[in-house]
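Below: the structure, in structure tokens.
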Amino acid sequence: MRRIRIYICLAVAVMALMSSCNENYLDRYPLDEIAPQTFWKTPNDLKLYANSFYGAFPVHSGWSGGIFWFDNNSDNMIPGTYNSRLAGNWTIPSSGGGWSWGGIRSVNYFLNNLSTVEGDQTLIDNYAGEGYFFRALHYFNMVQTFGDVPFCSKPLSTDSEELYMARTPRKAVVDSIIKDLDVAITKLPAVDKAEAFRVNKDVALALKARICLFEGTWEKYHAGTAFEVAGSDGSEYLELAAQTAKRIIDEGHYALYNSGDVNDTYYSLFNQVDLSANSEVIFWKKYDVDLGVTHNVHRYIPRIGGNTGLSKSLIDSYLATDGLPISQSDLYAGEGSLEDVAANRDPRLAQTLYLPGAAKEIKNGELTVVFEKPDLDLTGSARNTSGFQLRKGGSPDFEQQKAGGIGTTAAIIYRYAEILLIYAEAKAELGTITQADLDLTVNQLRDRVNMPHLQLANIANDPNWQFPALSPIINEIRRERRVELACEGFRFDDLMRWRAHELFVGKRLKGFKFIGSDLENEYNIVIGETLLVDGDGYIDPYLKVIPSGYQFKPERDYLNPIPTNELTLNPALEQNPGWDK
């Protein structure tokens, strides 16, 4: 809440007001000017202003792999440049660093002007619900990033005392977030009454369930550390997560998408242009060439490696088709080839990872380009880093990909599978999960890809469980979450809330076992120069740059530092743990 960044209300309104001519409400552009003396009069004024809020959603945009590259900051993917947060070499910025309050300020200004609007009260309530939803979303992002943050529910002027307020305790902020979402849930229309591409009651419920799971597990696993939430063990939020997810399940508006082909259904879910009739999708973004709303995902997926790749850690998490971990299954075919790695495995693996023969381009109904081998011998954005090349999200349909900047595949923002996983995990963390709960959630996900059910009373021991100190059921639900939501941007937040630094501290991410595989003689590659390989033959892109592995500092790096300029401008703020040394 830096003083020099606070603008007068008129300036905020000018920047926030968006055009109404585009039917896709996730893409709005500001009007040139606004007359405040005639604004805030009708529900349509609220609608116009609220259009600007939709830019807060993470979607496909810019020159990147879109949502499917969000896991580049985790142990699921190996980008060409290692993640500095995991590496523990972040420094305190003088400004920026995520300490931004423009979105919250705009929503507060919007909510402060509701009382001047006259007209259809239902519409006024609907748009008010959007405001409460987006304030909750913005504050949740701030809590994830900084922990305790100043909470203010009114618009500020340049002389407001609140500009110099201290940080509000984390639990108080989260409780305020939940209150905002509860208001939003009461005011937003039901999904069958809502205008297309505007948030509805179910979207708010989905966000509430997500936030409660995050905060409940954060409090549970950070207890006794510098990041603990005093006086709270997380159970309150875990109960709310379970209750909210179960409400969505019980209301029956959604079901898992199924194409009818076990070897395609998961892959095709992420390669559709129109998701309006998709039973699994709670909220999504539409792209349209004619409207000038497109993306660049298909410049990278499936065309090139994108200077990233899947990690061996992710690949190893997929079960064999007998429902056993690969450490225990006789069906596991080994690592002699990419085909061997994926043989007899959970079908979601082959629908996430490129295997030889998979379609890369289909034009006019004809298969024109197939995947032959990972792009290990290319450079820059064209190369694959690990030998495991991402397939998920890469539609081969030429009409969806065409050329750079003309991608039209839809972006999923909330989907029902996440709700099922939230319910299962919350119940497991509370110690109250039953076989019926698993059949309602995890086993539905497994049914979609014809995988054996998870049986609470008969979980096979896995010596390679990532969390050996925790119960078998928590390990298996976390595995299911990792597999189902792979490369959708959940993994980093999961690592943070689970306090899971032991998975990567002192380690490097590895890829395919290149030496001894059928790929070894397929390239004109100099080992140690063009391609780095460790002593066991695995592709190891970070072998030289972080030879001692990630040096994430658990006493410091779970939260971002507050920029130094902010601490100077507001002496009431205090730096986050570990950053003042």
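Along the sequence shown, residues carry numbers from 1.
Between Tyr550 and Tyr542, the angle of the ring planes goes over 60°, which puts this pair in the perpendicular group of the 30/60° scheme. Using bins of under 30°, 30° to 60° and over 60° for the plane-to-plane angle, the ring pair Tyr266/Phe270 lands in the perpendicular bin. Phe283 and Tyr414 have tilted rings, their planes meeting at an angle from 30° to 60° on a 0 to 90° scale.
In this structure, a donor-acceptor pair under 3.5 Å is absent between the side chains of Asp261 and Ser259. Side-chain contact, Thr217 with Arg497: a donor N or O sits under 3.5 Å from an acceptor N or O. Judged purely by distance below 3.5 Å, without hydrogens or angles, the side chains of His298 and Thr409 pair a donor atom with an acceptor atom. Side-chain polar atoms of Trp90 and Ser84 form a donor-acceptor pair below 3.5 angstrom. Asp202 and Tyr254 are linked by a side-chain donor-acceptor pair at a separation below 3.5 angstrom, with hydrogens and angles left out of the test. Remark: the Asp437 side chain and the Tyr423 side chain contain an N/O donor-acceptor pair separated by less than 3.5 Å. Side-chain contact annotation: Ser311 with Asn76, donor-acceptor N/O pair under 3.5 Å absent. When only modelled atom types and interatomic distance are considered, Asn263 and Gln351 share no side-chain donor-acceptor pair under 3.5 Å.
Between Ala424 and Thr441, the shortest heavy-atom contact is CB-OG1, 3.5 Å. Ile473 and Ile433 make their closest contact through CG1-CG2, 4.2 Å (heavy atoms, listed as atom of the first residue, atom of the second, distance). Looking at every heavy atom in both residues, Ser517 comes nearest to Phe512 through OG-CE2, 3.3 Å. The two residues Ala209 and Ala241 make their nearest non-hydrogen contact at O-CB, 3.9 Å. Nearest heavy-atom pair across Tyr82 and Ala87 is CE1-CB, 3.5 Å. Shortest non-hydrogen contact noted between Ala206 and Ile248 is N-CD1, 3.7 Å.
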#### Entry: Trace of the ring pair (Phe, Tyr, Trp, His ring centres under 6.0 Å) decision for Phe214 with Phe140
CA-CA 10 Å; Phe214 183 96; Phe140 176 51; 5.6 Å; yes

### Task
Could you go through the side chain to side chain contact (heavy atoms under 4.5 Å, CB included) check for Phe388 and Ile539 one step at a time?
CA-CA 10 Å; Phe388 297 124; Ile539 296 173; over 6 Å; no

#### Entry: Criterion side chain to side chain contact (heavy atoms under 4.5 Å, CB included) on Glu418 and Arg210, from CA distance to verdict
CA-CA 8 Å; Glu418 182 196 355; Arg210 179 185 292 182; 2.8 Å; yes

### Query
What do the steps show when you test Phe57 against Phe134 for ring pair (Phe, Tyr, Trp, His ring centres under 6.0 Å), and what is the final call?
CA-CA 10 Å; Phe57 285 122; Phe134 282 106; 5.4 Å; yes

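Taking the ring centre of Phe371 as origin, the terminal cationic atom of Lys360 falls outside the region bounded by 6.0 Å and 45° from the ring axis. With a 6.0 Å cutoff to the six-membered ring centre and a 45° limit on the axis angle, Lys286 does not count as a cation-pi contact of Phe197.
Two rings, from Phe68 and His60, have their centers less than 6.0 Å apart. Residues Phe504 and Phe552 place their aromatic rings such that the two centres sit under 6.0 Å apart.
To the nearest 0.5 Å, atoms CZ (Arg383) and CD (Gln389) are separated by 11.5 Å. Atom CG in Asp397 sits 11.5 Å away from atom CD in Gln272 (nearest 0.5 Å). Once rounded to the nearest 0.5 Å, the distance linking OG1 of Thr308 with CE of Met77 reads 3.5 Å. In this structure, CD1 on Ile422 lies 12.5 Å from CD1 on Ile477, to the nearest 0.5 angstrom.
Surrounding CG of Asn524 are at most 12 heavy atoms belonging to other residues, nucleotides or ligands under 6.0 Å away. Within 6.0 Å of atom CG in Asn364, 12 or fewer heavy atoms from other residues, nucleotides or ligands are found, so the atom counts as exposed in its surroundings. Within a 6.0 Å radius of CD in Gln455, other residues, nucleotides and ligands contribute more than 12 heavy atoms. Within 6.0 Å of the CD atom in Glu520, the count of heavy atoms belonging to other residues, nucleotides or ligands exceeds 12.
Between Thr530 and Asp377, the closest side-chain pair of non-hydrogen atoms is not below 4.5 Å. The shortest distance between side-chain heavy atoms of Leu532 and Pro541 does not fall below 4.5 Å. In this structure the side chain of Arg446 reaches within 4.5 angstrom of the side chain of Leu319, judged on heavy atoms. Proximity of Leu445 to Arg348: side-chain heavy atoms (C-beta onward) are separated by under 4.5 Å at one or more points. Counting only heavy atoms from C-beta outward, the side chains of Arg482 and Arg478 never approach each other to under 4.5 Å. By the 4.5 Å heavy-atom criterion applied to side chains, Pro347 and Asn450 are not counted as neighbours. Annotation: side chain of Glu399 is not in contact with side chain of Val273 (no heavy-atom distance under 4.5 Å). Looking at heavy atoms from C-beta onward, Tyr416 lies in side-chain contact with Leu256 at the 4.5 angstrom threshold.
Salt-bridge formation is not detected for the pair Arg85/Asp557: no Lys NZ or Arg NE/NH1/NH2 atom is positioned less than 4.0 Å from an Asp or Glu carboxylate oxygen. A salt bridge between Arg508 and Asp540 is present, with a side-chain N of the basic residue lying under 4.0 Å from a carboxylate O of the acidic one.
Distance alone, capped at 3.5 Å, is enough to place a donor-acceptor pair between the Gln444 side chain and the Leu440 backbone. Within the 3.5 Å criterion, the main-chain N or O of Pro302 finds no donor-acceptor partner in the side chain of Arg391.
Here the options are Arg198, Lys47, Lys201, the test is salt bridge (charged side-chain N to carboxylate O under 4.0 Å, His left out), and the partner is Glu130; only Arg198 passes.
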